[in-house]
Amino acid sequence: MSEGTRQEWEAREEICQVGRRLYDLFLVAGNNGNISVRLNEREILMTPTHVSKGLLRPEDILKIAPDGTLLESANGLKPSSEYRMHLAVYRHRPDMHAVVHAHPPTATGFAVAGRGLERVFHPEMAISPGPVPLVPYVPPGGDELPESLVPYLAGHRALLLGNHGAVTYAPTLREALFLMESLELNARIYLTAVQLGHVNYLSDEQVAFLRDRYAPVAAR
């Protein structure tokens, strides 16, 4: 097995592992969500449509080109309908090599309520995933959604999608997964504080101090 082939197979296996974790943590359900990894400038691995992320096999993962052309589908499966969203991230964030789209229940609840998570209320939120803006609702599955993301991609690694879900992107797939987990945790913490009657936000000075202290981690 060549080095390139070995690395691709490892990426396929990691996508399956991440899919199972998303499913087990109830960040996706049924056939929801999609995952991709950019192998190089010519090839992107993508989860297929109508396959549960908890039941993925390495051979199920498709390969597409940056323009969306299907390059490889061993089982005749088709790419997720949201492949355009992934391509938009890669096109506008060349420093990112993995994208995770999921429907984390609490965070998606904020998206349905039309609320982002942009004010920092927890130290780790200042670093990961950072403030998370709300992208206004557009119909999924077409060109409208990827176009709506473009103004928000720079300076963020997590976005809430109005009435839809969330997307995270990072230099590695593991990081993109952890960003999704952190987003859902922060949404739960915030909701709990709201239910208790008060949210004590961190000041701009406190946030700046945290980012200065953890600058290597926070760098995007």
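Applying the 6.0 Å contact sphere to CZ of F209 captures no more than 12 heavy atoms from other residues, nucleotides or ligands. For OH of Y90, the number of neighbouring non-hydrogen atoms (other residues, nucleotides, ligands) closer than 6.0 Å is greater than 12. The environment of E43 atom CD is dense: over 12 non-hydrogen atoms of other residues, nucleotides or ligands sit within 6.0 angstrom.
There is a path of hydrophobic side-chain contacts, each under 4.5 Å, that joins V37 to L70. I189 and V199 fall within the same hydrophobic cluster, where Ile, Leu, Val, Met, Phe, Trp and Tyr residues are linked whenever their side-chain heavy atoms come under 4.5 Å apart, directly or through other members. Side-chain heavy atoms closer than 4.5 Å link hydrophobic residues (I, L, V, M, F, W, Y) into clusters, and following such links, possibly through other members, connects V167 to L25.
For the pair K63 and E8, the salt-bridge criterion is met [side-chain N within less than 4.0 Å of a carboxylate O]. The residues E175 and R157 are annotated as salt-bridged, a charged nitrogen and a carboxylate oxygen being separated by less than 4.0 angstrom. D24 has no carboxylate O lying under 4.0 Å from a charged side-chain N of R21, or vice versa, which leaves the two without a salt bridge.
The CE atom of M180 sits 9.5 Å away from the CD1 atom of I35 when rounded to the nearest 0.5 Å. Between the NE2 atom of H122 and the CG atom of N186 there is a distance of 7.0 Å, given to the nearest 0.5 Å. Considering OH of Y23 and CG of L56, their distance stands at 11.5 Å, rounded to 0.5 Å. Taking CG of L160 as the reference point, atom CD of E118 lies at 9.0 Å (rounded to 0.5 Å).
In this structure H103 satisfies the ring-ring contact (aromatic ring centres under 6.0 Å, His included) test together with H101, H164, sequence neighbours excluded.
Between L173 and V100, the closest side-chain pair of non-hydrogen atoms falls below 4.5 Å. Here the side chains of P139 and L145 are not in contact, with every heavy-atom distance at 4.5 Å or above.
Taking the centre of each ring, Y190 and F110 come in below the 6.0 Å mark.
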